[in-house]
Amino acid sequence: MQLTKRAFIAAGFSCLLALGAPARAETIAPLVIGTTQVPRHFNGAVQSGLATGMVSTQLFASPLRFDDKWTPKPYLAETWDVSPDGRTVTLHLVKNAVFHDGQPLTSADVAFSIDIIKNNHPFKTMLAPVESVDTPDAYTVVIHLSRPHPALLLAMSPALMPILPKHIYGDGQDIRTHPANLAVVGSGPFKLVSYKQGETIELERFDKFFLPGRPKLDRVIFRILPDKNSLVIATERHEVNMLPFLTGVLDVKRLQKAPGVEVTAKGYEGIGPLNWLAFNTKKKPLDDVRVRKALAYAVNRDFITQKLLGGTAKPSTGPIVSGSPLFEPNVEQYKLDLKKAEQLLDEAGLKKGADGSRMTLTIDYIPNQNEYQRNIAEYLRSAFKRIGVTLEVRAAPDFATWAQRVSNFDFDLTMDSVFNWGDPVIGVARTYLGSNIRKGVIWSNTQQYSNPRVDELLEAAAIETDPAKRKALYSEFQKIVVDEVPITFINVTPYETAYDTRLTGLPDSIWGVLSPLDELTWSSGAAK
């Protein structure tokens, strides 16, 4: 990806501004988005995840946005430059952006927000190389880095870098509990009207949004229903117009048949959701790579994806999702091979006893995710029995219990679901860096996997600005990790979006619904 795009992007952005605001209907019906997610608040600068991200990206604007080809596009930054050594990134901001309270958005707000995110966001590697931020004038931001940071542009995406108003958040209150997190004043396409926790989130059009003619909708309502079946029924009845992050096999098939409803998998490439089986590599006998490989060879991914998941999911083969330009396909595939699995266990000294069992292990899984967690864990119990491994499935009463067990290394094996978050620096490295073995922190290196060469590769790739060299580094990393099996990769979680066929301008970028919905509207004559 070419990093310096100033002249080219400026021309395209100028053309966009020249188009002016198109004529709008006097009344446009609200868009109703269904979700089971209940956000604690809407400040994506200090909170990751889907619940916060879907709303935060409508309320706050970010420096950049991305298309479906992983190409950065102007947003608050109409142009940007990256220095030849990769250690300075300069943003040139639009001059007509204002916050919802009418105050102008300036470079001071961007610098303030970068500092907040660097010090408070759970993705510590995302802005770690940022040393300082200069603001030579109200519309210029100069970011100084300790080393090249090719992931920085992706880190400026809507879900990862919301620009906060300094005049509101800079009052000395704790940013994590600031009242503005629930009474948002942003500069995004929509304003917050109300939040009835666990019920609805209502947004309305921001008439002074800096992009002409946008947003095209007058209102967006997030309807929260904890029961997925109720959401599916509401979508069939067109009481819900869009249902994102849909994963249920039966739900997808049902909505594919619903009149006036389309289902698409497009728009989740940046999120990169993977479903996998993780090993506690410091716990005997799982500290022996032969044992981990044996278990990997006993898993029939084709059966899981085609039968258990109804053909809606694709097998995954490594730590970087296949939709990423950094994906390496040439790794060991671990096709089902029970003979090889038993041979490896024999070599590891795990002979069958009189009862036919070699050992007993326990598997955990994230609760309330039956199809992709519990059901696969139950399948693995029968799969491993075929090679003489007794597997006990341990349920957790809630997510907090599961997270406590796994983050404190109190497990043998666990099912897990983890996101790539666009760039390996942001969402992949955290799982494999030896320095990120952090007891008590979920979605860190909870496998306690450690390989100095992997650390070297990840550190080198994090600063490599040449795309071909960077891809080569990540390719070697993927081959090593797949070979050493701290994780057995099961499937790419097939997020899909069901939507009313009368809608146009759906967000089909790499971030999907974690993008501003400023182009989304009803087709002519529909839903007025």
Side-chain angles (χ1 to χ4, degrees), residues 29-39 49-55 58 195-203 217 219-268 271 273 275 304-314 365-376 378 398-399 415 417 419 491-508 511-515 517 520 522-523 526-527:
L31 171 77
V32 180
I33 300 175
T35 181
T36 60
Q37 302 275 334
V38 181
L50 307 181
T52 297
M54 278 194 295
V55 184
Q58 312 314 316
Y195 177 33
K196 297 179 181 178
Q197 190 161 14
E199 297 181 23
T200 59
I201 306 161
E202 184 174 352
L203 315 180
L217 291 168
R219 283 196 300 155
V220 174
I221 298 170
F222 290 87
R223 183 178 175 187
I224 302 168
L225 292 173
D227 178 51
K228 291 182 180 179
N229 190 54
S230 297
L231 278 175
V232 171
I233 293 171
T235 305
E236 288 178 317
R237 293 175 176 174
H238 295 272
E239 296 166 1
V240 165
N241 312 123
M242 178 183 287
L243 183 55
F245 302 105
L246 191 62
T247 60
V249 176
L250 297 178
D251 295 339
V252 169
K253 291 183 178 295
R254 179 172 171 177
L255 288 174
Q256 285 174 336
K257 300 175 183 177
V261 176
E262 287 283 345
V263 180
T264 179
K266 190 170 178 58
Y268 296 105
I271 297 169
N275 196 48
I304 293 173
T305 54
Q306 294 302 313
K307 300 299 183 182
L308 291 183
L309 303 179
T312 61
K314 296 179 181 179
Y365 62 89
I366 302 174
N368 302 318
Q369 295 187 25
N370 292 347
E371 287 180 318
Y372 292 89
Q373 293 282 301
R374 186 196 67 188
N375 292 359
I376 294 177
E378 293 287 355
D398 50 40
F399 175 83
M415 294 298 302
S417 180
F419 297 166
N491 66 275
V492 178
T493 304
Y495 283 140
E496 303 201 38
T497 301
Y499 64 94
D500 192 307
T501 55
R502 296 171 295 172
L503 288 169
T504 63
L506 270 77
D508 60 359
W511 296 115
V513 185
L514 298 186
S515 301
L517 303 177
L520 186 62
W522 296 100
S523 59

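Note that the structure is a prediction, hence the values are computed from the model and not measured.
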For A313 versus N491, what's the shortest heavy-atom pair and its separation? CB-ND2, 4.0 Å

Closest non-hydrogen contact found for P507 with S515 is CB-CB, 4.4 Å

Separation between CD1 (I33) and CG (N241), nearest 0.5 Å, reads 8.5 Å

Closest non-hydrogen atom pair, H238 against P259: NE2-O, 3.1 Å

Determine, step by step, whether I376 and N275 satisfy the side-chain contact (heavy atoms from CB on, under 4.5 Å) criterion, reporting the C-alpha distance in whole Å, the side-chain angles of both residues, the deciding distance to 0.1 Å, and the verdict. CA-CA 10 Å; I376 294 177; N275 196 48; 3.5 Å; yes

Are any non-hydrogen side-chain atoms of L50 and Y495 less than 4.5 angstrom apart? yes

Donor-acceptor check, side chain of D508 to backbone of G267, threshold 3.5 angstrom: yes or no? no

Would you mind listing every salt bridge (charged side-chain N to carboxylate O under 4.0 Å, His left out) that reaches into residues 219-228, with sequence neighbours excluded? E202-R219, R223-E239

Can you find a pair of side-chain heavy atoms, one from L514 and one from F245, that are under 4.5 Å apart? yes

Do I271 and W511 have side chains that approach each other closer than 4.5 Å (heavy atoms only, starting at C-beta)? yes

In chain order, what residues pass the salt bridge (Lys or Arg N to Asp or Glu O under 4.0 Å) check against E199, with sequence neighbours excluded? none

CG (L217) and CH2 (W522) are apart, to the nearest 0.5 Å, by 8.0 Å

Run L506 and K266 through side-chain contact (heavy atoms from CB on, under 4.5 Å) and show every step you take. CA-CA 10 Å; L506 270 77; K266 190 170 178 58; over 6 Å; no

CG of N368: more than 12 outside heavy atoms within 6.0 angstrom? no

Just wondering, do I224 and Y195 contact through their side chains at under 4.5 Å, heavy atoms? yes

Non-hydrogen atoms of G34 and L231 that approach each other most closely: CA-CD2, 3.7 Å

Going by side chain to side chain contact (heavy atoms under 4.5 Å, CB included), M54 matches just one of T35, L517, I201. Which one? T35

If you apply the rule side-chain contact (heavy atoms from CB on, under 4.5 Å), what do you find for V240 with L225, and how did you get there? CA-CA 11 Å; V240 165; L225 292 173; 5.6 Å; no

Which value, rounded to the nearest 0.5 Å, describes the distance between T305 atom OG1 and K314 atom NZ? 11.0 Å

Centre-to-centre under 6.0 Å for Y372 and Y365, is that the case here? no

For the CD atom of E262 and the OH atom of Y499, what is their distance to the nearest 0.5 Å? 4.5 Å

Just by distance, do the side chain of Q58 and the backbone of L203 share a donor-acceptor pair under 3.5 Å? no

Less than 4.5 Å apart, any side-chain heavy atom of Y268 and any of V513? yes

Working to the nearest 0.5 angstrom, can you tell me the gap between D398 CG and I366 CD1? 12.5 Å

Could you go through V38 and Q197, starting from their C-alpha distance and side-chain angles, then the distance that decides it, and tell me whether this counts as side-chain contact (heavy atoms from CB on, under 4.5 Å)? CA-CA 7 Å; V38 181; Q197 190 161 14; 4.1 Å; yes

Return each pair, listed once, that meets side-chain hydrogen bond (donor to acceptor under 3.5 Å, both in side chains) where at least one residue sits in residues 245-255; pairs must be two or more places apart or across chains. N229-R254, E236-R254

Could you tell me if the side chain of V261 sits less than 4.5 Å from the side chain of L243, heavy atoms only? no

Exam field: side chain T312 to backbone L309, donor-acceptor pair closer than 3.5 Å: yes

